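All values derive from a computational prediction rather than experimental measurement. Hydrogens, waters and symmetry mates play no part in the numbers below; they use all other heavy atoms, side chains included.
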Amino acid sequence: MTKLRRTRAAAGALPAAVAVVAVLAAGCGTQRPDDDAGGLPGAARTGGAAATSTATAVPSKPSDFPCPGESPTPTPSPTASHAAEQPPDHYAENHGFRVPIPLHGQSRCDGLAAVARIEKALEPLRRRGDFAPESTRKALTGLGYADGKVQSYQNGNPGVGFLIVDSPLCLEGTMYRNATRADAFAGYPDGSDCQPPSGGH
């Protein structure tokens, strides 16, 4: 017959294991995903302020504020109105790479200021009827943009188009007999140097 020997260590191990399980079980399930305990143990169970707030993961929306000379409510960007014009049937999904990325915050204000400077600098050329790409390029580099970052090209008769890469800004526009138009944006999805990629998915 075998005699069972019980040591003091073995006798103490069972109650210790039961105590650990009891402590762990008491803590499990008391904090739910919608509780914001602020990282403090038990804060969600105490009925304090942390128990009433929720911590739902919501992507933050870029903040836009009025820029100098702008009304308190920003006007919709051309890209926002462009999205509303697109036809259904996955057109937007398949051609989203062609939609410029809008600017937000201080970059948006910097873009609006750059657009105003560009339109003002090109206005004398438009009034004179000077639609030569070289004249447009000279006016734009005269604003301080690097020569290698300014493109200008014939765009209709008469008309000229331009693109300025001034990271993080992309400045693009046209000049025709009746108006000069410039836009500032942050590039294109999957594009580089303010140019859209050659194709979508």
Side-chain angles (χ1 to χ4, degrees), residues 61-62 64-201:
K61 183 179 178 184
D64 286 339
F65 45 84
C67 297
E70 185 180 39
S71 65
T73 54
T75 56
S77 69
T79 56
S81 61
H82 177 70
E85 298 168 2
Q86 294 186 4
D89 298 330
H90 303 288
Y91 184 90
E93 181 182 320
N94 293 332
H95 294 85
F97 67 96
R98 294 182 182 174
V99 178
I101 301 168
L103 294 166
H104 295 285
Q106 185 59 46
S107 294
R108 188 177 74 82
C109 293
D110 295 343
L112 290 173
V115 163
R117 281 192 313 272
I118 289 168
E119 289 175 347
K120 183 178 178 181
L122 295 179
E123 187 60 20
L125 295 176
R126 187 190 70 76
R127 282 196 310 257
R128 281 196 315 259
D130 185 351
F131 298 102
E134 300 79 31
S135 300
T136 302
R137 182 184 188 82
K138 184 177 177 183
L140 296 173
T141 56
L143 291 174
Y145 297 109
D147 190 49
K149 299 290 185 173
V150 177
Q151 300 172 22
S152 60
Y153 50 91
Q154 201 67 47
N155 191 20
N157 189 17
V160 65
F162 59 89
L163 174 67
I164 303 167
V165 179
D166 188 32
S167 187
L169 301 177
C170 298
L171 303 156
E172 183 176 49
T174 55
M175 181 175 58
Y176 294 106
R177 238 183 222 135
N178 58 348
T180 300
R181 181 196 59 79
D183 291 312
F185 58 99
Y188 291 93
D190 302 324
S192 60
D193 289 330
C194 301
Q195 298 283 345
S198 59
H201 69 100

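Asp64 contributes atom CG, which lies 10.0 Å from atom OG of Ser107 (distance to the nearest 0.5 angstrom). The distance from atom CD of Gln151 to atom CD of Gln195, rounded to the nearest 0.5 Å, is 5.5 Å. The CZ atom of Phe65 sits 7.5 Å away from atom CZ of Arg108, with the distance rounded to the nearest 0.5 Å.
Listed here is the closest heavy atom pair of Leu171 and Ala184: CD2-CB, 3.6 Å. For Leu103 against Pro168, the heavy-atom pair with the smallest separation is CD2-O, 4.4 Å. Pairing each heavy atom of Leu163 with each of Asp193, the nearest pair is CD2-O, 4.4 Å. Of all non-hydrogen atoms in Pro197 and Tyr188, the two that sit nearest each other are CD-CB, 4.2 Å.
Under the side chain to side chain donor-acceptor pair (under 3.5 Å) criterion, Asp130 pairs with Ser135, not counting sequence neighbours. Tyr153 pairs by the side-chain contact (heavy atoms from CB on, under 4.5 Å) definition with Asn155, not counting sequence neighbours. For Pro133, the side-chain contact (heavy atoms from CB on, under 4.5 Å) test picks out Ser152, Gln154, Val160, with sequence neighbours left out.
Sorted by first and then second residue, the disulfide bond (SG atoms under 2.5 Å apart) pairs with a member in residues 130-172 read Cys170-Cys194; sequence neighbours excluded. Applying the salt bridge (Lys or Arg N to Asp or Glu O under 4.0 Å) rule to pairs touching residues 136-151 yields Arg137-Asp147, sequence neighbours excluded.
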Handout entry: Full working for side chain to side chain contact (heavy atoms under 4.5 Å, CB included) between Val115 and Asp183
Key = CA-CA 6 Å; Val115 163; Asp183 291 312; 5.5 Å; no
Show the atom names and distances, to 0.1 Å, of all donor-acceptor pairs under 3.5 Å that link a side chain in residues 117-128 to residues at least two apart or in another chain.
{"residue": "Glu119", "atom": "OE2", "partner": "Ala182", "partner atom": "N", "Å": "3.1"}
{"residue": "Glu123", "atom": "OE1", "partner": "Arg126", "partner atom": "NE", "Å": "3.1"}
{"residue": "Glu123", "atom": "OE2", "partner": "Arg126", "partner atom": "NE", "Å": "3.3"}
{"residue": "Glu123", "atom": "OE2", "partner": "Arg126", "partner atom": "NH2", "Å": "2.5"}
{"residue": "Arg126", "atom": "NH1", "partner": "Arg177", "partner atom": "O", "Å": "2.6"}

